[in-house]
Amino acid sequence: FCSLTGLGFCYSITKGPENATVLAGSEARFNCTVSAGWKVIIWLSKGSPVLTVTSSQGSLETTERFTSRNYSSGDQFTSELIIHNTQLSDSGRVECSIQQPSDNNFAFLSVQVNGSLLIKNSTLTVKENQTIEIVCEAVGWAPAPDMAWMRNDSLVDKSSYVTQQSPGSHGLHNALSTLTLTPRDTEVLTCLADIEALPSPQNATVTLIFDNSAM
C-alpha cells in the first residue's frame, strides 16, 4: 500500500525467499527482492533479527554466521542472506521484512545431518541353501534416513528387509536395516541411506562369497 501522507512509502516485496533444505555445515541462501523506493530490509531467523540492509548504508552485519550479498537490476533490489555453517538448530522460519504492514515474506530452512552408515563385515562366505541376515546401521542422522538395499545392480524388494528407527542423541536419529536372503551365487550387497539434502544416497557394501564346495 502507498502512503497517502506523501512520505513515499510506495514499495513492496516483489519476490520473497524460498524454502531451502541443506546439509549441516554448508551454506543456506535466501533472496528477497524489493521494488524501488525501499528503505530497509530486515532478515529474521526464527523470529530474531540477524541482519539489516538499508538503502543508505548497505548491509549491517553483526555476526560472521549471517552475511549478505546485494544485487540491483533495473528498479529492483535483491538482498541475499547467506547463513554460514548451518546447524540443526537453524531449522525454522527465515523472514524478510521491509517494515510495511502485512508485507513480510518468509520461507522455511530445513537443516539435515548426514550421519554414518556401516555394515560390520566387508566380506562374508556363505554355503549353499544358507539363509543369512545382513545388518546395516545408520547412526546420527536428521531426519531418520530412508533405507534401501541393492543386490548387485538391482533394488531389493522391500519385503526382504526390515528397518527400525530409534532416537539418538542431540536430536539425531538412528536406523537399523536387516536384510534376509539365501544367496545362490557370489554377489555384492549395497545398503543405501538417503535424505533430501544428499545429492545421492550414502552407501555401504558387503561382498557375499558363495561357497558351493562339499562340506
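Everything numeric in this text was worked out from a predicted model, so none of it was measured.
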For the student: nearest non-hydrogen atoms of [X] and [Y], plus distance:
| X | Y | answer |
| --- | --- | --- |
| Met147 | Ala193 | SD-CB, 3.8 Å |
| Leu117 | Ala204 | CD2-N, 3.7 Å |
| Gly171 | Leu88 | O-CD2, 4.1 Å |
| Lys46 | Gly92 | CG-CA, 4.1 Å |
| Gly168 | Asn174 | CA-ND2, 3.8 Å |
| Glu18 | Ala107 | C-CB, 3.4 Å |

Would a 4.5 Å heavy-atom cut-off, applied to side chains only, mark [X] and [Y] as touching?
| X | Y | value |
| --- | --- | --- |
| Thr207 | Leu124 | no |
| Leu192 | Met150 | yes |
| Leu23 | Ile195 | yes |
| Thr33 | Ile13 | no |
| Gln112 | Glu196 | yes |
| Pro183 | Gln130 | no |
| Thr131 | Thr180 | yes |
| Leu51 | Leu81 | yes |

Point to revise | Candidate pair Leu198 and Asn114, rule side chain to side chain contact (heavy atoms under 4.5 Å, CB included), full reasoning | key: CA-CA 8 Å; Leu198 277 179; Asn114 178 20; 3.6 Å; yes
Backbone N/O of [Y] and side chain of [X]: donor-acceptor pair under 3.5 Å:
| X | Y | result |
| --- | --- | --- |
| Thr86 | Ser26 | yes |
| Ser12 | Thr14 | no |
| Asn152 | Val188 | yes |
| Glu61 | Ser68 | yes |
| Ser73 | Gln76 | no |

Nearest-0.5 Å distance that lies between atom [atom1] in [X] and atom [atom2] in [Y]:
| X | Y | atom1 | atom2 | answer |
| --- | --- | --- | --- | --- |
| Ile134 | Leu179 | CD1 | CG | 7.0 Å |
| Asn203 | Cys136 | CG | SG | 9.5 Å |
| Ile42 | Gln99 | CD1 | CD | 4.0 Å |
| Leu109 | Ile83 | CG | CD1 | 5.5 Å |
| Asn105 | Glu95 | CG | CD | 8.5 Å |
| Ile41 | Thr52 | CD1 | OG1 | 10.0 Å |

Can you confirm whether more than 12 heavy atoms, excluding those of [X], are under 6.0 Å from its [atom1] atom?
| X | atom1 | answer |
| --- | --- | --- |
| Asp153 | CG | no |
| Phe66 | CZ | yes |
| Lys15 | NZ | no |
| Gln87 | CD | yes |

Are [Y] and [X] co-members of a hydrophobic cluster defined by side-chain heavy atoms under 4.5 Å apart?
| X | Y | result |
| --- | --- | --- |
| Leu181 | Val206 | yes |
| Val22 | Trp141 | no |
| Trp149 | Phe210 | yes |
| Val156 | Ile132 | yes |
| Val34 | Val53 | yes |

Exercise for review: Taking only Lys NZ, Arg NE, NH1 and NH2, and the carboxylate oxygens of Asp or Glu, determine whether Arg184 and Glu187 approach each other closer than 4.0 Å.
Suggested key: no
Check your understanding: Taking 4.0 angstrom as the limit, do Arg65 and Asp90 come out as a salt bridge?
Key -> yes
**Study point:** Qualifying side chain to side chain donor-acceptor pair (under 3.5 Å) pairs with a residue from residues 161-170, counting only residues at least two apart or across chains
**Key:**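 Side chain to side chain donor-acceptor pair (under 3.5 Å) check on residues 161-170 returns Thr163-Ser177.
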Practice item. Would you please test Ser59 and Asn70 for side chain to side chain donor-acceptor pair (under 3.5 Å) and show each step? Key: CA-CA 8 Å; Ser59 300; Asn70 302 322; 3.1 Å; yes
Review point. Does anything in residues 30-54 pair up under ring pair (Phe, Tyr, Trp, His ring centres under 6.0 Å), and if so which pairs, sequence neighbours excluded?
Key: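 Matches after skipping sequence neighbours: Trp38-Phe77.
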Practice item. With side chain to side chain contact (heavy atoms under 4.5 Å, CB included) as the test, would you mind laying out the steps for Leu176 and Val135 before giving the verdict? Key: CA-CA 7 Å; Leu176 206 63; Val135 178; 3.8 Å; yes
Practice item. Run the numbers on Arg29 and Asn31 for side chain to side chain contact (heavy atoms under 4.5 Å, CB included), then give the verdict. Key: CA-CA 7 Å; Arg29 293 170 178 261; Asn31 286 334; 5.8 Å; no
Check your understanding: How would you list, by chain and number, every residue that makes a salt bridge (charged side-chain N to carboxylate O under 4.0 Å, His left out) with Lys120, sequence neighbours excluded?
Key -> none
